[in-house]
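What follows is a set of notes on a single structure, which appears directly below.
Worth saying up front: this structure is predicted, and the values here are computed from it rather than measured. A, B, ... follow the sequence lines: proteins, then strands. Residue 1 opens every chain.
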Protein chains: 2
Amino acid sequence: MAKFATIKEYVYQKIESGEWPEYHPVTSENALAERFSVSRMTARRALQELSEEGLVTRTRGSGTFVAPLKSQSALLTIRNIADEIALRNHRHHAEVKVLETVVAPNTVASALQLEIGSEVLHSVIVHFENGQPVQVEDRYVNPALVPEYLQQDYTSITPHEYLCEVTPLTEASHLIEAVLPEPQISEMLQLETPEPCLQIQRRTSCRDGVVSQATLTHPGSRFRLGGHMVFKNTQRGKKENIQ
Amino acid sequence: MAKFATIKEYVYQKIESGEWPEYHPVTSENALAERFSVSRMTARRALQELSEEGLVTRTRGSGTFVAPLKSQSALLTIRNIADEIALRNHRHHAEVKVLETVVAPNTVASALQLEIGSEVLHSVIVHFENGQPVQVEDRYVNPALVPEYLQQDYTSITPHEYLCEVTPLTEASHLIEAVLPEPQISEMLQLETPEPCLQIQRRTSCRDGVVSQATLTHPGSRFRLGGHMVFKNTQRGKKENIQ
DNA sequence: TTAGCGATGTTGTATATACATTATCGACCA
DNA sequence: TGGTCGATAATGTATATACAACATCGCTAA
């Protein structure tokens, strides 16, 4: 095992065993270097990585402390639907229901940071897993940032993939809720009776502005979000809270 | 700006502009060091951090390459309910409905990796935001790992917080779906009519085994999961896929 | 008493160097 | 033609050093 990894294990064990509770000071770089007979840079790397993993917090001039683990939060991975299906070794195909230019509904215009009444690009696509519909993707796109959006063939590439190509390094914010779907959504998902659906609102933006807003609707009976997650520290706790 | 940050910006710009597409080789540590007149260790740090951010992949002996951004996935943060409510500056309180030792239902026993018929600790708690019920927490706990679980006061500390204290550094896996709740859940949430609910299954484990399994049910009309998310590369793409 | 100052310790950045480990490719030989 | 070996280059680990930036605490002087 690498020396820096040995030091990480040492600190990790102190935290896991409870010997070092929240906010407890961690041995300083210099002290660790001496104790383990390594250079300060090596000890530093161990603490640095623990900090990136959220286990400790570091403050210049002050020291390293065990992070407040109470406010841990979990991270859930949201993949795009095609990847998700490919991951399960299932077949994916898509049907394009709508591909048009429309005047943006007011909510959409404000979400895309455009003036009321602006024209936007609009697509509605149904995604199938092994022939069964699992997602309706209703997407509005900013024409200034992605002018060629309507000219793509969305049976061979998903809008998400195309947008990632055109505007790499976008950020996104999401909202997940449980809803009863509108009748036309229900019909596209081939639901006999209305059933609860997972609905994901996704808004992506790049440096130049908001790129697109999508509403992804999944039937509850055929779709689950999730898989493995790892705790990650949110670093909300402050040293002031000690005592 | 620090020198290593300057180099990061340089590479970032190459990727964002599309000048360096997926799998494109990134200038090597030595070449960057020379071009920016810094030591190799400084150039290295820039590439290292970009790698941790998922923007590039590095292979010893081979080099550094722009990561496949198509298979980006987003990370959704799941906080515990008390933190979530505190974040909105709302009041949180909890009502304990059940706190008992029971013989584990078969599905629970297998989830906790216990023998069929084992006894487990069981709690049902309703969480309120500003007086309105927003979550029913139905939790089964492994008594071998948390023997004192039933002796806590869950109106002052949430089970999640208590478990984090007793077994720090746990991992969790989650499953999120949309369901229609059971009648008794519906009643605890004070729902007039059955409405779609977000249901989160959470299973936490530490080094010694599975700690607990929880089913968290939120009424769709009063709860949304989400907020901001950042893209993170999943690193699924392989170099073999080039060409 | 209190405001300010300086000593000390801690983390952050940067450099130059050494060697280990691995991937790739070309040259040489069978 | 095909396989093996070695040179080369890239990343990974580790060290010793220097200085900068910041926090904290104790001491001194107003």
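Counting only N and O atoms by type, the side chains of A:Thr217 and A:Gln199 include a donor and acceptor under 3.5 Å apart.
Distance, B:Arg60 CZ to C:dA23 C1': 11 Å, rounded to whole Å. What separates CD of A:Glu34 from P of D:dA16 is a distance of 13 Å, to the nearest Å. Atom CD of A:Glu29 is separated from atom C1' of D:dT17 by 14 Å (rounded to the nearest Å). Rounded to a whole Å, the CG atom of B:Leu32 is 15 Å from the C1' atom of D:dA9.
Annotation for B:Ala111 and B:Arg203: closest pair O-CD, 3.7 Å, computed over non-hydrogen atoms. The minimum heavy-atom distance between B:Ala43 and B:Ala33, with the atom names listed, is CB-N, 3.9 Å. Here the closest heavy-atom approach between residue B:Pro168 and residue B:Val166 is recorded as CD-O, 3.4 Å.
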Shorter than 3.5 Å, N or O on both sides, protein versus nucleotides 25-27 of chain C: list them out with atom names.
none

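Qualifying side chain to side chain donor-acceptor pair (under 3.5 Å) partners for A:Ser110, counting only residues two or more places apart in sequence or in other chains: none. In this structure A:His93 satisfies the ring-ring contact (aromatic ring centres under 6.0 Å, His included) test together with A:Phe128, sequence neighbours excluded. Among residues two or more places apart in sequence or in another chain, the salt bridge (charged side-chain N to carboxylate O under 4.0 Å, His left out) test is passed with B:Arg40 by B:Glu29.
Between A:Ser37 and B:Asn30, the residue anchored nearer the 5' end of DNA chain D, judged by the nucleotide with its closest heavy atom, is B:Asn30.
Only one option out of B:Arg58, B:Glu53, B:Lys8 pairs with B:Gln48 in a side chain to side chain donor-acceptor pair (under 3.5 Å); it is B:Arg58. Each of A:His218, A:Glu84, A:Glu129 was checked for a side chain to side chain donor-acceptor pair (under 3.5 Å) with A:Gln135, and the lone residue meeting it is A:His218.
Against DNA chain D, the stretch residues 1-16 of chain B makes no heavy-atom approach under 4.0 Å. Contacts with DNA chain C (heavy atom under 4.0 Å) in residues 38-50 of chain A: A:Arg40, A:Met41, A:Arg44, A:Gln48, listed by number.
Few gaps surround CD on A:Glu95; more than 12 heavy atoms of other groups in view lie less than 6.0 Å from it.
Two residues are said to be in side-chain contact when any heavy atoms from C-beta on lie closer than 4.5 Å; A:Val211 and A:Tyr149 fail this criterion.
Not one side-chain nitrogen or oxygen of B:Arg58 sits closer than 4.0 Å to the OP1 or OP2 atom of D:dA10.
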